[in-house]
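Take a look at the structure below.
Proteins come first, then strands; the chains are lettered A, B, ... in the order of their sequence lines, and each starts at number 1.
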2 protein chains.
Amino acid sequence: MGTPDLDVLPPDLSAHVGYLLVRAGKHAQRLFSAQIAALGLRPPLADVVILLRARGSLSQVEIATTLAIERAHLVALLDQLEALGFVLRSADPSDRRRHAVTLTEAGTTAAERLGGMAEAVEGLLLADLSEEEREQFRSLLQRMARRAEEGD
Amino acid sequence: MGTPDLDVLPPDLSAHVGYLLVRAGKHAQRLFSAQIAALGLRPPLADVVILLRARGSLSQVEIATTLAIERAHLVALLDQLEALGFVLRSADPSDRRRHAVTLTEAGTTAAERLGGMAEAVEGLLLADLSEEEREQFRSLLQRMARRAEEGD
DNA sequence: TATTGTTATACTCTATAACTATA
DNA sequence: TATAGTTATAGAGTATAACAATA
């Protein structure tokens, strides 16, 4: 449906950081999803492409643990990225269990376009905040993300 | 899987508010989901209960639009809440198309426990922030949520 | 004609267990 | 025995269209 009606929503929900984070996260996901559909991609596929551009060749387990994707799920994602011609799986001579996953040229081009699309989404999300507020928000959010990474 | 490895994640992802929001939102959802499982509830069910406690009797369309749930989806949610004994659908004499949805006594009790659980999640999410930082973050997040509610 | 609740369908994301081949 | 990739299955959340009853 989109977004809730904050003016009618009781404070029990709208004043809670947890609820607002869930809503904002889904909103951000929808915006990004709409952008990247032009490339035939969905968010988890895009994340893999962006990661590979930054880090070069990686094994499937490395991709999965870095992005917090189940390695079982990653299999289908890479199948789709291969079908799109964005990614290659090649044998790793040093360990024949492993696949070295790399971007193709088309994948690299897509990664660059994804970068621009991510920036566009940033602009929409942060439209109402001043430059100083954006930095504040980013910094606080990163600390929360680090916290989430650990214990809970 | 849980959370990504921020120390390995390239800045292309970890510096973006959009990506961090998605991650933090899913994390918050998981924390809340784990808490409320003790009541036999999942997040969308809990949202309905919390809304009804605050607003009293509502029609299904009113619940759906306030919470940004598809009214088609809400039908199954209310079926489950009725089965749990938390909610009642009664005829609205003034408009026979409408159902007046209200909390039962068990539903009201559950709503109170949900309030405490939501507070516990807030504590976990904001554990690393000072009181001043929490207010900053909440305020900025609310402005983003309002923005999301409109155009984009 | 428009709205309320409903049914049905389908797609995405996620979680889990178990298998194989290699180490 | 442990690890990398794979297959299969199931659940939750979401989006859409179409229908009957009522306004």
Quiz item: With sequence neighbours excluded, what pairs up with A:E135 under the salt bridge (charged side-chain N to carboxylate O under 4.0 Å, His left out) test?
Solution: A:R138

Quiz item: For A:L74 and C:dT16, what is the distance between atoms CG and C1' respectively, to the nearest whole Å?
Solution: 16 Å

Self-check item: B:Y19: ring pair (Phe, Tyr, Trp, His ring centres under 6.0 Å) partners, not counting sequence neighbours
Solution: none

Quiz item: What are the two closest heavy atoms between B:G107 and B:V49, and how far apart are they?
Solution: O-CG1, 3.8 Å

Quiz item: Tell me, which of residues 45-56 of chain A have any heavy atom that sits under 4.0 Å from an atom in DNA chain D?
Solution: none

Quiz prompt | Nucleotide nearest B:P44 (side chain, heavy atoms from C-beta), chosen from D:dG13, D:dT6, C:dG5 | solution = D:dG13

Practice problem: Please name all residues satisfying salt bridge (charged side-chain N to carboxylate O under 4.0 Å, His left out) with A:D128, sequence neighbours left out, ordered by chain then number. | Solution: B:R147

Quiz item: Which residues satisfy the salt bridge (charged side-chain N to carboxylate O under 4.0 Å, His left out) test with B:R97, sequence neighbours excluded?
Solution: B:D95

Quiz prompt | Summary of ring-ring contact (aromatic ring centres under 6.0 Å, His included) pairs that have at least one residue in residues 87-128 of chain B, sequence neighbours excluded | solution = none

Quiz prompt | Protein-nucleotide distance (B:R98, atom CZ; C:dA2, atom C1'), rounded to Å | solution = 13 Å

Quiz item: When the distance from CD of B:E70 to C1' of C:dC11 is rounded to whole Å, what number comes out?
Solution: 14 Å

Exercise. Considering just the side-chain nitrogens and oxygens of A:R30, establish if one lies under 4.0 Å of OP1 or OP2 belonging to D:dT14.
Key: no

Self-check item: Length of the CD-P vector between B:Q60 and C:dT7, whole Å
Solution: 10 Å

Self-check item: Distance, rounded to the nearest Å, where A:L77 contributes CG and D:dT7 contributes C1'
Solution: 15 Å

Quiz item: Quick one: side-chain contact (heavy atoms from CB on, under 4.5 Å) partners of A:S130, sequence neighbours excluded?
Solution: A:E132, A:E133

Quiz item: Of A:K26 and A:V75, whose nearest nucleotide on DNA chain D comes first from the 5' end?
Solution: A:V75

Self-check item: Interatomic distance where CD belongs to A:E82 and P belongs to D:dG5 [whole Å]
Solution: 12 Å

Quiz item: Taking only residues two or more places apart in sequence, or in another chain, which ones meet B:E82 in a salt bridge (charged side-chain N to carboxylate O under 4.0 Å, His left out)?
Solution: B:R89

Quiz item: How long is the span from the CZ atom in A:F137 to the CG atom in B:L20, to the nearest 0.5 Å?
Solution: 9.0 Å

Quiz item: Separation of B:H73 atom NE2 from C:dC11 atom P, in whole Å?
Solution: 17 Å

Quiz prompt | Atom-pair distance (CD on A:Q29; P on C:dC11), nearest Å | solution = 19 Å

Self-check item: Base versus backbone protein contacts along nucleotides 18-23 of chain C [heavy-atom cut-off under 4.0 Å; B, S, -]
Solution: ---BBS

